[in-house]
Amino acid sequence: MPIQEEGRLLILEDPTDEELREASEHDGPIIIVLRNRDEVDTTILNKHEIDVHILRNPSEDYLELLKAQLMGRRVKPMEVPIEGPITRRELLRGRVVRTKPKNVPEFIENACKARYGCHECLQACPVGAVSIVNNRVEVNAQSCIECGLCVRACPTGALIMAGADDNEHALLLNKLNNTSQVTRITYTCTANQRAPGNGEYVYFVPCIAAVSPEWLMMDLTKVNEVSLECPMEDCPLAGVKVSEGLIGDISKALKVTVRGKYTISGGLFNKSINYMGIRRSDYAKALKALRPIMTGMGGDNLKVFNVGIDTVKCSFCGVCFAKCPERAFDVTRVGDKTVLRLDWAKCIGCGYCKKLCPEKAITVSRASSIPGDDYVDEVEDEVVRCKMCGKPFDTKRHIMTTKVRLGIKGDPEWLYLCPDCRRYYTAKKMLETGLGIKGARNLPGVQS
């Protein structure tokens, strides 16, 4: 019988076959706790394996961690039509087409940066099941092989699957703040049903290929060891190959130990960090928390990018700063210099700044190293102060570019006035010209 039902999460303890049949109608993940039985026939549930979790004599802490993770699950496997005759059970349930549950990625539009030029998911899919139509990501459910590579590649978490959802992951890590018993997280697929070891949390994902660098870096701020475990070395989803490259790049970037090919140990505990389930923001937190054990090296798998700005071409117009969808650029004053800086941990490499730059001065590429500071100074320019009021209002580089674009001859004094003083200057000149006098400054209502 159910021992707990919270939202879409159902927990059963030593259920009978009849109780499992009743639970098959439950619309959400199910935890089956076995204390007095060795096994149950979960095929009765007619649900996708990722939505059925079996725990054998779990500790209360482990059960609470799994509940925290599953309470954050925002999507469920969908029913996908397949060929073949329908069963009597399907007919009684009102289905006229045979279906099977399939863990197909779902799209979160407000998190997607496809409209800015990001196509990482499109390039990652090995079977061409992902397409971008009118800046929306569409996944062909029939073609999808449930590998999760598109989910892993997305820099903002705009694609999610059951078991590969940033919200699930963040809630689990935050729950770890309250327990010290778990020191290792192991990611594996549902084909692996071994029992967790001491101090280990087994995190079921669609395939270990779905595990992103963001997740592993975040994990290393909470536990000492993270592992990727594939029960089938010849798995057609190629999760092993993808994971090997990811582990290799992380071992270059951090002072950690790698055991075998897929286990990293040597995390940097920071229990005070609370993650929000917002992929790039959480990644930035983790990267900065791990700075004490960074080597400065990197790799293509880490989703860190170089933004190069040609300081000769750059006019300091500020378009990149104003339009970046991740607000990765910042402008600051250092003495009489204005500096354009990049918060590299926020940059997702979409290339929107490159596309908008009127001077074609920007290049974007994957970084082979990780900067040692929070910001990278990209370009600087001399501050120009208003000749009338002395207020800083522009940069020399931008003023010179404006002159060239507008075809301004000479060096007119109004070009070095701030907007407020320029309006006063214009009004003064109009009065002088219209009245045929000089000294408009002394006319009633005209103030400096």
Closest heavy-atom pair and its distance - [X], [Y]:
{"X": "Thr295", "Y": "Leu254", "value": "CG2-C, 3.9 Å"}
{"X": "Val364", "Y": "Gly349", "value": "CG1-CA, 3.9 Å"}
{"X": "Pro58", "Y": "Val33", "value": "CD-CG1, 3.8 Å"}
{"X": "Asp165", "Y": "Trp215", "value": "O-CZ2, 3.4 Å"}
{"X": "Trp344", "Y": "Asp373", "value": "NE1-O, 2.6 Å"}
{"X": "Pro292", "Y": "Lys255", "value": "O-NZ, 4.4 Å"}

Decide whether [X] and [Y] meet the rule of one side-chain donor and one side-chain acceptor closer than 3.5 Å.
{"X": "Thr188", "Y": "Tyr203", "value": "no"}
{"X": "Glu146", "Y": "His48", "value": "yes"}
{"X": "Thr186", "Y": "Arg184", "value": "yes"}
{"X": "Asn134", "Y": "Arg115", "value": "no"}
{"X": "Asp282", "Y": "His169", "value": "no"}
{"X": "Lys222", "Y": "Asn174", "value": "no"}
{"X": "Tyr275", "Y": "Asn167", "value": "no"}

Candidate pair Lys346 and Asp343, rule side-chain contact (heavy atoms from CB on, under 4.5 Å), full reasoning
CA-CA 6 Å; Lys346 290 183 177 180; Asp343 186 341; 3.4 Å; yes

Under a 4.0 Å N-O cut-off, is there an ion pair linking [X] with [Y]?
{"X": "Arg291", "Y": "Asp374", "answer": "yes"}
{"X": "Lys67", "Y": "Glu64", "answer": "yes"}
{"X": "Arg366", "Y": "Asp300", "answer": "no"}
{"X": "Lys102", "Y": "Glu79", "answer": "no"}
{"X": "Lys337", "Y": "Asp381", "answer": "no"}
{"X": "Asp420", "Y": "Lys391", "answer": "yes"}
{"X": "Arg56", "Y": "Glu39", "answer": "no"}
{"X": "Asp310", "Y": "Lys360", "answer": "no"}
{"X": "Arg341", "Y": "Glu380", "answer": "no"}
{"X": "Asp166", "Y": "Arg280", "answer": "no"}

If you measure from [atom1] on [X] to [atom2] on [Y], what distance do you get to the nearest 0.5 Å?
{"X": "Ile362", "Y": "Lys355", "atom1": "CD1", "atom2": "NZ", "result": "13.5 Å"}
{"X": "Arg397", "Y": "Ser315", "atom1": "CZ", "atom2": "OG", "result": "8.5 Å"}
{"X": "Ile32", "Y": "Glu19", "atom1": "CD1", "atom2": "CD", "result": "10.5 Å"}
{"X": "His26", "Y": "Leu12", "atom1": "NE2", "atom2": "CG", "result": "8.5 Å"}
{"X": "Ile30", "Y": "Ile11", "atom1": "CD1", "atom2": "CD1", "result": "11.0 Å"}
{"X": "Lys100", "Y": "Met78", "atom1": "NZ", "atom2": "CE", "result": "13.0 Å"}

Are side-chain heavy atoms of Cys189 and Pro231 found at a separation under 4.5 Å?
yes

Is the shortest side-chain heavy-atom distance between Ile264 and Ile250 below 4.5 Å?
yes

Candidate pair Ser227 and Glu229, rule side chain to side chain donor-acceptor pair (under 3.5 Å), full reasoning
CA-CA 6 Å; Ser227 182; Glu229 188 173 303; 5.0 Å; no

Does atom [atom1] ([X]) have a neighbourhood of more than 12 heavy atoms from anything else shown, all under 6.0 Å?
{"X": "Asn57", "atom1": "CG", "result": "yes"}
{"X": "Lys354", "atom1": "NZ", "result": "no"}
{"X": "Asn198", "atom1": "CG", "result": "no"}

Measuring centre to centre across the rings, with the benzene-like ring taken for any Trp, is Phe321 within less than 6.0 Å of Phe329?
no

Would Asp61 and Gln181 count as a side chain to side chain donor-acceptor pair (under 3.5 Å) if you check the C-alpha gap in whole Å, the side-chain angles of each, and the deciding distance to 0.1 Å?
CA-CA 8 Å; Asp61 282 341; Gln181 295 186 13; 2.9 Å; yes

